[in-house]
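Working notes, beginning with the structure itself.
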Amino acid sequence: MYNNDMNDQQIKDLINQEKNRQRQGLELIPSENYVSKQVLEAIGSILTNKYSEGYPGKRYYGGQVYIDQIEQIAIDRAKELFQADHANVQAHSGASANEAVYHAWLKPGDNVLAMDLSHGGHLTHGAPVTRSAQLYNFIRYKMKNVETGEIDYEQINQLAEQYRPKMIIVGYSSYPREIDYQKIAEIGQGYQALLMADMAHIAGLIAGGMAKNPFDYGFHVITCTSHKTLRGPRGGLILSKGIVSNPLHKPTKTIENIPTLIDRAVFPGTQGGPHDNIIAAKAIALFEALQPEFKDYIKQVLKNAQTLAQELQNRDFKLITNGTDNHLMLIDVFKSFKLNGLLVETTLDKINLTVNKNVIPDDSLPPFTPSGIRLGTPAITTRGLKETNMIQIANWMKEAIINHQNNAKLAQIKQEVIDFSLQFPLPSD
Ligand code: DSN
């Protein structure tokens, strides 16, 4: 037995300090959010004690009577929310979800088209530092016009002709505009390429009906995280269209069989036992996303993002693509204020506004001190902030940046931010 008097005060104190940091500041990192109380309870539940390699009804361990039901509910809800034929809810993260799709479909050396990292693509879409980039041949496309955000569909077409890709990836981490899935699908279909949309950032927008669903345009696979705009636990989801069969039997490698190929690529291909507590929390978050209130939440995320983007532009912030269609914005702070992204991130940290430094397209500065910062509205909207509050945030940001060497001024703004933030409790309070 455990000695229940044992107390790791050091870690408890740090958790409490982090809770206070979250309460006393505004979270503007676009990939972060706050989970509901019931999601938090599931994450911390006794489900973490269980091992369940396999899939519902087809496990390699006993004692699955309840786990099978939980995982099946999560699968069914994910299918309903995204209109998918199949859902794998075991991926431990967005990166593992992407890795599993590559493993399901590609052979080493196969060609894949994906967006350049500095134009908004994700590390797992073939950045040279990743394992996937050593296995597969990623070829990069870019935006055609960074002032409008238009993707270079002609370049994609030319690259497809030249490399005959096995897969085309869309879906980005720092791209504020909507994607023309139809154009990509037309290009990909000519080469029988698997069409994959990494919707990690905008899954909640799709779920809330405020962004296009790539499945409506013939995409075969959607990967996403469950913790960003979807407001669930940290983890991944893989949704697909096609024929679902028993993952214990190896299917032939066809696009129709992609659901089963993906299940086999997650387990045993790239992961071991699923995290059952996280799967239960995903099921709850999916339930929440299926409720009408979630649509209202997503609409407000977008209204807040539109307002914040406009208010920042009114204060001389130069936004990449000159605005946003989604929940995030990328700002060229070097062009705006002759300061690098690290300095701006650190300055805003001092006033309890949390953003992240970010590269901008073809950045001339290095990744650790890039030209940009990235911010978004999912977390502050969960907290209850509305359009008028965006004006206040834009004011604080500008004031802090122009006074970045004035510690007294920064301390004064920080106190204002604390007083304001405490009026909006965390969902878990
Ligand atoms: N860390 C995620 C993000 O912030 O977009 C992507 O991995």
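One-based numbering, in listed order, for ligands and for the atoms of each.
- Between the CZ atom in R21 and the CD atom in Q17 there is a gap of 11.5 Å [rounded to 0.5 Å].
- Residue H201 has at least one heavy-atom neighbour below 4.0 Å for each of these atoms of ligand 1: 3 (C), 5 (O).
- Of all atoms in ligand 1, numbered sequentially from 1 with element shown, those under 4.0 Å from a heavy atom of H122 are 6 (C), 7 (O).
- A cation-pi geometry, defined here as NZ or CZ lying under 6.0 Å from the six-membered ring centre and within 45° of its normal, does not hold between K79 and F82.
- Under a cut-off of 6.0 angstrom, the local environment of CZ in F287 is sparse, with at most 12 non-hydrogen atoms contributed by other residues, nucleotides or ligands.
- In summary, the side chains of R231 and Y34 do not present any donor paired with an acceptor at a separation below 3.5 Å, with no hydrogens or angles considered.
- Under 4.0 angstrom from ligand 1, the non-hydrogen atoms of R374 all belong to its side chain.
- Considering both main-chain and side-chain atoms, K228 never comes within under 3.5 Å of ligand 1 through any nitrogen or oxygen pair.
- Proximity of atom 4 (O) of ligand 1 to the protein is indicated by at least one non-hydrogen atom lying closer than 4.0 angstrom.
- Residues A281 and P233 share a closest heavy-atom pair of CB-CG, 3.5 Å.
- Looking only at protein heavy atoms, the nearest one to atom 1 (N) of ligand 1 is S31 OG, 4.5 Å.
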